[in-house]
Each structure stands twice: as C-alpha cells, then as structure tokens.
Trainee: 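Before I ask anything, let me first share the structure, which is written out below as structure tokens.
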Amino acid sequence: MARRKQIYEGKAKVLFEGPEPGTLVQYFKDDATAFNNKKKGTITGKGVLNNRISEHLMLRLHDIGIPTHFVRRLNMREQLIREVEIIPIEVVVRNIAAGSISQRLGIPEGTALPRSIVEYYYKKDELNDPMVSEEHITAFGWAATPEIDDILNMSLRINDFLIGLFLGIGIRLVDFKLEFGRLYDNEEVRIVLADEISPDNCRLWDASTNEKMDKDRFRRDLGKIEEAYQEVARRLGILPEGGQADYKGPKTIQ
Ligand code: TMP
C-alpha cells in the first residue's frame, strides 16, 4: 500500500494516485464503522467482497447506460476508477421503511413505502450528515439544478434496475445510498455514479425470511456479518458455490 501516493482515506476505503492522469486506485478496507464513526470494527474479508460486489453492480449499471467511475478491477482489494469531483451529497433511495425513516417518522420497519422515496444528505461528518432538500443543494451551490435533475433521474433508474436484479436472487432492496461525481472529460463535464454499491451502503433482506444481509448486522450486533456479505456475493454469482472467491481476469469498461 505504500507504493503510491495516498490521496484520501475514508472509513471503508483508501484512494491512491492512479497509473495514468485522471485515474485513481480505490482500495477496499475491512474496517467498518457505524453511527458516524462512533462504532468501529473489522469485518474480515469485507473489502474483498465489496470490491467484487461493487464491480459487478457498476458493470450491470453500465450495461443499461448509467455512466460510472469504474474502469476495471486490479486485484482482490483494488479497482481502477476515473477521478471525479465528488458532489458532497449522499442520495438515499428507499423502497421499504427501515433505519432512520422508521425512527424519524414512526413508520414500522418493514412497511412498504407508497412509492420510492429519495432523500439527500449533506456529506459533512462534523454535522452528522444532515438531511437537506434540493433547495439547500442548489442555493448553496453543492450541485446545479441540471446536475441534481440528472442525479435524481439516475438514482430512480438505478433503483428500478437494482430492485429487479436483487429480487431475481431472492433479495429485497430495502434502501441504499449513492454518491455521484463530476467527470471532467476534455471540455465536457458529466455526472457519473461514484463511490461503491455494496452491503455497506444498502439494506438487503432475504425475500422469504426477511433476514438482514447487510451492514445492519454490524450496526445492530446481529452476528454472522461475513456470512451475510458472502451470501450476497454468492447469489450474485460472483463466488463459486464453495465460497472461495473466483478471481477471473478483470473486466474493462470505458
Ligand atoms: P438510514 O436509514 O440510516 O438513513 O440509511 C439509509 C441507507 O443509507 C442504508 O442503506 C444505509 C445507507 N447509509 C450509508 O451508506 N451511509 C451513511 O452514512 C448512512 C447514514 C446510511
């Protein structure tokens, strides 16, 4: 890890300078945090699984025309990504009530929402990532109106697609968090999907038992965390039945 210049270290990932200008290497750690770093732990093998799961989902989304920062997997814990300017907004899409919406609005966990609900949170650890509206986002210049329109449209398409993808493998997509960035390509600026999509930032429930298969197992001390992440990867078809990671050559997209 010391070979390259470190650009940024987050709670679950590290970004290093990439091999070419405009690229970065995204390294997935086993570290887990919850409640804005108040709870800390390690989930053995999580980084390896999230690297694979996020790669798989980003490639499937690329297939339906969602632009992403993903270029290719480099090794078990690292992927090459395009360097983007992260928009300081976490976009949460919810299909079923759980977590903070259940607490805030008193909706019992597991209640199907009347329609998918999109929420925005301002990425600012010191402020505990407060919920904000589109008004705040445009007024304070975190994103321009056409950018937030793009972000909303992409988030809803991603939700529709991922609901189907997960339901096909017996998993309910309860909610998830996305981040987007500005990709500067010659004269052009485009909004692309960034960060990761993994059981760290999704709620995934087994469709027949409602068993949690995501980071809530860590947040709520439910045990069998590694097993849950592995099971998600196995059902996605990116682990052989035995559970050992099946490391085929990396795939490239542009
Ligand atoms: P919430 O119910 O705690 O607001 O979380 C909604 C979804 O967003 C859930 O799938 C977990 C994810 N999430 C993150 O990825 N990062 C965060 O910092 C938070 C608060 C939630």
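This structure is a prediction, so every number in the text was calculated from the model and none was measured.
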Trainee: Could you check if a side-chain atom of N50 sits within less than 4.5 angstrom of a side-chain atom of Y229, using non-hydrogen atoms only?
Mentor: yes
Trainee: Sub-3.5 Å donor-acceptor pair from the side chain of S54 to the main-chain atoms of I197, do we have one?
Mentor: yes
Trainee: Thinking salt bridges, do K46 and D200 make one under a 4.0 Å N-O criterion?
Mentor: yes
Trainee: Locate the shortest heavy-atom distance separating G41 from F218; write the atom from each residue and the value.
Mentor: N-CZ, 3.7 Å
Trainee: Might you work through the side-chain contact (heavy atoms from CB on, under 4.5 Å) test for V174 and L204, ending with a clear yes or no?
Mentor: CA-CA 6 Å; V174 172; L204 303 169; over 6 Å; no
Trainee: Would you call E227 and R217 a salt bridge, using N to O less than 4.0 angstrom?
Mentor: no
Trainee: Do other residues, nucleotides or ligands put more than 12 heavy atoms under 6.0 Å from K224 NZ?
Mentor: no
Trainee: Could you check if a side-chain atom of K29 sits within less than 4.5 angstrom of a side-chain atom of E9, using non-hydrogen atoms only?
Mentor: yes
Trainee: For the residue pair N51 and Y27, confirm or rule out a side-chain donor-acceptor distance under 3.5 Å.
Mentor: no
Trainee: For residues L183 and L80: do they belong to one hydrophobic cluster (side chain heavy atoms under 4.5 Å, members Ile, Leu, Val, Met, Phe, Trp, Tyr)?
Mentor: no
Trainee: Quiz question: by atom type and distance under 3.5 Å, do the side chains of S116 and N159 form a donor-acceptor pair?
Mentor: yes
Trainee: Which residues pass the salt bridge (charged side-chain N to carboxylate O under 4.0 Å, His left out) test with K215, sequence neighbours left out?
Mentor: none
Trainee: Could you tell me the separation between the CZ atom of R52 and the CD atom of E55, rounded to the nearest 0.5 Å?
Mentor: 5.5 Å
Trainee: Check whether F16 forms a cation-pi arrangement with R4 (NZ or CZ under 6.0 Å from the six-membered ring centre, at most 45° off the ring normal).
Mentor: yes
Trainee: Using 0.5 Å steps for rounding, measure from the CD1 atom of I66 to the CZ atom of R60.
Mentor: 13.5 Å
Trainee: How many angstroms lie between CD in E119 and CE in M131, if you round to the nearest 0.5 Å?
Mentor: 4.0 Å
Trainee: Are there more than 12 heavy atoms of other residues, nucleotides or ligands under 6.0 Å from atom CZ of R104?
Mentor: yes
Trainee: For residues 120-163, which residue pairs pass the ring-ring contact (aromatic ring centres under 6.0 Å, His included) check, not counting sequence neighbours?
Mentor: Y122-W142, F140-W142
Trainee: Walk me through whether H69 and Q26 qualify under side-chain contact (heavy atoms from CB on, under 4.5 Å).
Mentor: CA-CA 11 Å; H69 73 163; Q26 180 163 258; 3.8 Å; yes
Trainee: E211 vs R172, test: salt bridge (charged side-chain N to carboxylate O under 4.0 Å, His left out). Steps then yes/no.
Mentor: CA-CA 10 Å; E211 198 182 348; R172 251 194 277 280; over 6 Å; no
Trainee: Heavy-atom count check: over 12 atoms from other residues, nucleotides or ligands less than 6.0 Å from K124 NZ?
Mentor: no
Trainee: Spell out, yes or no, whether M154 and F70 are grouped together once hydrophobic residues are joined by side-chain heavy atoms under 4.5 Å, including indirect joins.
Mentor: yes
Trainee: For V189, which fellow cluster members are found when Ile, Leu, Val, Met, Phe, Trp and Tyr are connected by side-chain heavy-atom distances below 4.5 angstrom, either directly or through intermediates?
Mentor: Y184
Trainee: Are any of the side-chain heavy atoms of L178 and S155 separated by less than 4.5 Å?
Mentor: yes
Trainee: How about I191 and D150: do any of their side-chain heavy atoms sit closer than 4.5 Å?
Mentor: yes
Trainee: Find out if a path of hydrophobic residues (ILVMFWY) with successive side-chain heavy-atom gaps under 4.5 Å connects W205 to L162.
Mentor: no
Trainee: Spell out, as yes or no, whether a donor-acceptor pair under 3.5 Å connects the side chain of T42 to the backbone of T44.
Mentor: no
Trainee: Could you identify which residues cluster with I7, counting Ile, Leu, Val, Met, Phe, Trp and Tyr as linked when any side-chain heavy atoms lie under 4.5 Å apart, either directly or through a chain of such contacts?
Mentor: Y8, L15, L24, I81
Trainee: Inspect the contact between R219 and D216 and indicate whether a charged nitrogen and a carboxylate oxygen are less than 4.0 angstrom apart.
Mentor: yes
Trainee: Looking at T111 and I107, would you say the former's side chain and the latter's main chain have a donor-acceptor pair under 3.5 Å?
Mentor: no
Trainee: Given side-chain contact (heavy atoms from CB on, under 4.5 Å), test D206 with M213 step by step and report yes or no.
Mentor: CA-CA 7 Å; D206 182 275; M213 305 174 71; 4.0 Å; yes
Trainee: Over all heavy atoms of both residues, which pair between A97 and P108 is shortest? Give the atoms and the distance, please.
Mentor: CB-O, 3.8 Å
Trainee: With rounding to the nearest 0.5 angstrom, report the CZ to CG distance, R235 to L165.
Mentor: 13.0 Å
Trainee: Locate the shortest heavy-atom distance separating I43 from E226; write the atom from each residue and the value.
Mentor: CG2-CG, 3.9 Å
Trainee: With a 4.5 Å cut-off on side-chain heavy-atom distances among I, L, V, M, F, W and Y, is there a chain of contacts connecting L193 to I53?
Mentor: yes
Trainee: Do E17 and V25 come within less than 4.5 Å of each other through their side chains, counting heavy atoms only?
Mentor: no
Trainee: Salt bridge check, R203 against D175: does any charged N sit closer than 4.0 Å to a carboxylate O?
Mentor: yes
Trainee: Between L173 and N95, is there a side-chain heavy-atom distance shorter than 4.5 Å?
Mentor: yes
Trainee: Under the salt bridge (charged side-chain N to carboxylate O under 4.0 Å, His left out) definition, can you give me all pairs with a residue in residues 182-195, not counting sequence neighbours?
Mentor: K13-D195, R82-D185, E85-R182, E147-R182, K177-D195, D185-R190
Trainee: Is there a path of hydrophobic side-chain contacts, each under 4.5 Å between heavy atoms of I, L, V, M, F, W or Y residues, that connects L57 with I158?
Mentor: yes
Trainee: List the atom of F28, the atom of G47, and the distance in Å for their closest heavy-atom pair.
Mentor: CB-O, 3.2 Å
Trainee: With sequence neighbours excluded, what pairs up with E109 under the salt bridge (charged side-chain N to carboxylate O under 4.0 Å, His left out) test?
Mentor: K212, R220
Trainee: Measure the shortest side-chain to side-chain distance between E196 and N201 over non-hydrogen atoms and say whether it is less than 4.5 angstrom.
Mentor: yes
Trainee: Between S100 and R94, is any side-chain donor less than 3.5 angstrom from a side-chain acceptor?
Mentor: yes
Trainee: Nearest 0.5 Å, please: how far is CZ in F180 from CD1 in I86?
Mentor: 10.5 Å
Trainee: After noting the C-alpha distance and the side-chain angles of I64 and L61, does the key distance pass the side-chain contact (heavy atoms from CB on, under 4.5 Å) rule?
Mentor: CA-CA 5 Å; I64 62 153; L61 289 166; 4.2 Å; yes
Trainee: Check whether any side-chain heavy atom of N37 lies under 4.5 Å from a side-chain heavy atom of K40, and answer yes or no.
Mentor: yes
Trainee: Using 0.5 Å steps for rounding, measure from the CG atom of L49 to the CG atom of L239.
Mentor: 6.0 Å
